[in-house]
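Just so it is clear: chains get the letters A, B, ... in the order the sequence lines come, proteins before strands, and each one is counted from 1.
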2 protein chains.
Amino acid sequence: MSDLLGRLRTRGWRLTAQRRVVAEVLDGDHIHLTADEVHARAVRRLPEISRATVYNTLGELVNLGEVAEVSTDHRAKRYDPNAHRPHHHLLCARCGAIRDVHPVGDPLADLPESERFGFSVSEVELTYRGVCPDCAA
Amino acid sequence: MSDLLGRLRTRGWRLTAQRRVVAEVLDGDHIHLTADEVHARAVRRLPEISRATVYNTLGELVNLGEVAEVSTDHRAKRYDPNAHRPHHHLLCARCGAIRDVHPVGDPLADLPESERFGFSVSEVELTYRGVCPDCAA
DNA sequence: TACTTGACTTGGACTTCGTCCATTGTAGGA
DNA sequence: TCCTACAATGGACGAAGTCCAAGTCAAGTA
Ligand SMILES: [Mn+2]
Ligand SMILES: [Mn+2]
Ligand SMILES: [Zn+2]
Ligand SMILES: [Zn+2]
């Protein structure tokens, strides 16, 4: 996320207060906020920012490959600024906590040709579920 | 899915026309319908069946472990009658086609202890994405 | 600095997916 | 056949997200 704004400027992005705030809110590790959570935090810094703008900006960041969409539960999408180093997710079935994880090996290699049905397979998403230490206590 | 209705009856399920129709609609291989698709097909056999009943019945089947909920895209949940033999999914990014797949190896074993953050991990969901033969042509 | 303009933002209407609930109907046992 | 607890209904409601016409403004130009 470090020099996100610089990278975006060179791509012709118009730098507005709203976009700056959305980028700031997304900064950090193990960040997986919903659009409404992003909006709530953005409003603290820029009270007049609209929900529509947050959705627009998140969508653009996803298209540019700067942010990844994550579907953990069947609820709202979550937005992950850690899009540059590929990773997977571990989540707590009780409280919804999410951690970035890096399994060993390549799950793509585990899908034999006979199980590909003629598809050209390019991507794999892996979600581990369990109970976190806090919820187990 | 074979003797689903029999199994449900022994569990004290009241056997109604609506539930029978929902079960019939879900019968088959590589079936991953949304609730509204289930409703549309059910209506053909039982015109007065309501959306609420379809949702209720699907929810019950999921709780009983007879049907699995699958979240492929970020849209509607899909209902998978193939809940008894565990499997994963391969889907086409263009047309949304979904196939059941069985990767080799155990993805659970690929998550080292150091990447578990104290969680007790019990479940793993694996989704492959690509382009199906029809869409590639 | 002031001007200009196309890109950006806004709020509210709208859509989709799903839940909830009061009322009505009925499966299955007595 | 009758009873009644469980199930079905449809319409209101809610959450998440999209769309649009109108207003605003970033940044290039002079
Ligand atoms: Mn992540
Ligand atoms: Mn399946
Ligand atoms: Zn937890
Ligand atoms: Zn396809």
Assess the side chains of [X] and [Y]: does a donor N or O sit below 3.5 Å from an acceptor N or O?
{"X": "A:Asn82", "Y": "A:His32", "result": "no"}
{"X": "B:Arg99", "Y": "B:His30", "result": "yes"}
{"X": "A:Glu66", "Y": "A:His84", "result": "yes"}
{"X": "B:Asp100", "Y": "B:His88", "result": "no"}

Separation of atom [atom1] in [X] from atom [atom2] in [N], rounded to whole Å:
{"X": "B:Glu48", "N": "C:dT26", "atom1": "CD", "atom2": "P", "result": "9 Å"}
{"X": "A:Leu5", "N": "D:dA26", "atom1": "CG", "atom2": "P", "result": "15 Å"}
{"X": "B:Gln18", "N": "D:dC6", "atom1": "CD", "atom2": "P", "result": "17 Å"}
{"X": "B:Asp73", "N": "D:dT18", "atom1": "CG", "atom2": "C1'", "result": "16 Å"}
{"X": "B:His39", "N": "D:dA8", "atom1": "NE2", "atom2": "C1'", "result": "11 Å"}
{"X": "A:Arg20", "N": "D:dA26", "atom1": "CZ", "atom2": "C1'", "result": "10 Å"}
{"X": "A:Leu46", "N": "D:dC25", "atom1": "CG", "atom2": "C1'", "result": "13 Å"}
{"X": "B:Leu15", "N": "D:dC6", "atom1": "CG", "atom2": "P", "result": "17 Å"}

May I ask you to verify if any side-chain N or O of [X] is less than 4.0 angstrom from the OP1 or OP2 atom of [N]?
{"X": "A:Tyr55", "N": "D:dG17", "value": "yes"}
{"X": "B:Thr53", "N": "D:dA7", "value": "no"}
{"X": "B:Thr16", "N": "D:dA8", "value": "yes"}

Next item on the list: Mind checking A:Ala52 for me? I need base, sugar-phosphate or nothing, with any heavy atom below 4.0 Å counting as a touch.
Entry: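 Contact class for A:Ala52: base.
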Margin query: Given the structure, check if the side chain of A:Arg14 and the base of C:dC8 hold any donor-acceptor pair shorter than 3.5 Å.
Written below: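 Counting by modelled atom types and ignoring angles, no donor-acceptor contact under 3.5 Å is found here.
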Next item on the list: Name the residue closer to the 5' end of DNA chain D, choosing between A:Arg51 and A:Asn56 according to the nucleotide with the nearest heavy atom.
Entry: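 By nearest-heavy-atom nucleotide position, the 5'-most residue is A:Arg51.
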Note to self: Assuming nearest nucleotide by heavy-atom distance, tell me which of A:Thr57 and B:Arg75 is located more 5' along DNA chain C.
What the structure shows: A:Thr57
Item checked: First of A:Ala17 and B:Arg9 reached from the 5' end of DNA chain C, by closest nucleotide ->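 The residue mapped nearer the 5' terminus is A:Ala17.
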Item checked: Residues A:Arg78 and A:Glu37 bridged, charged N to O under 4.0 Å ->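 Between A:Glu37 and A:Arg78 there is a salt bridge, with a charged N closer than 4.0 Å to a carboxylate O.
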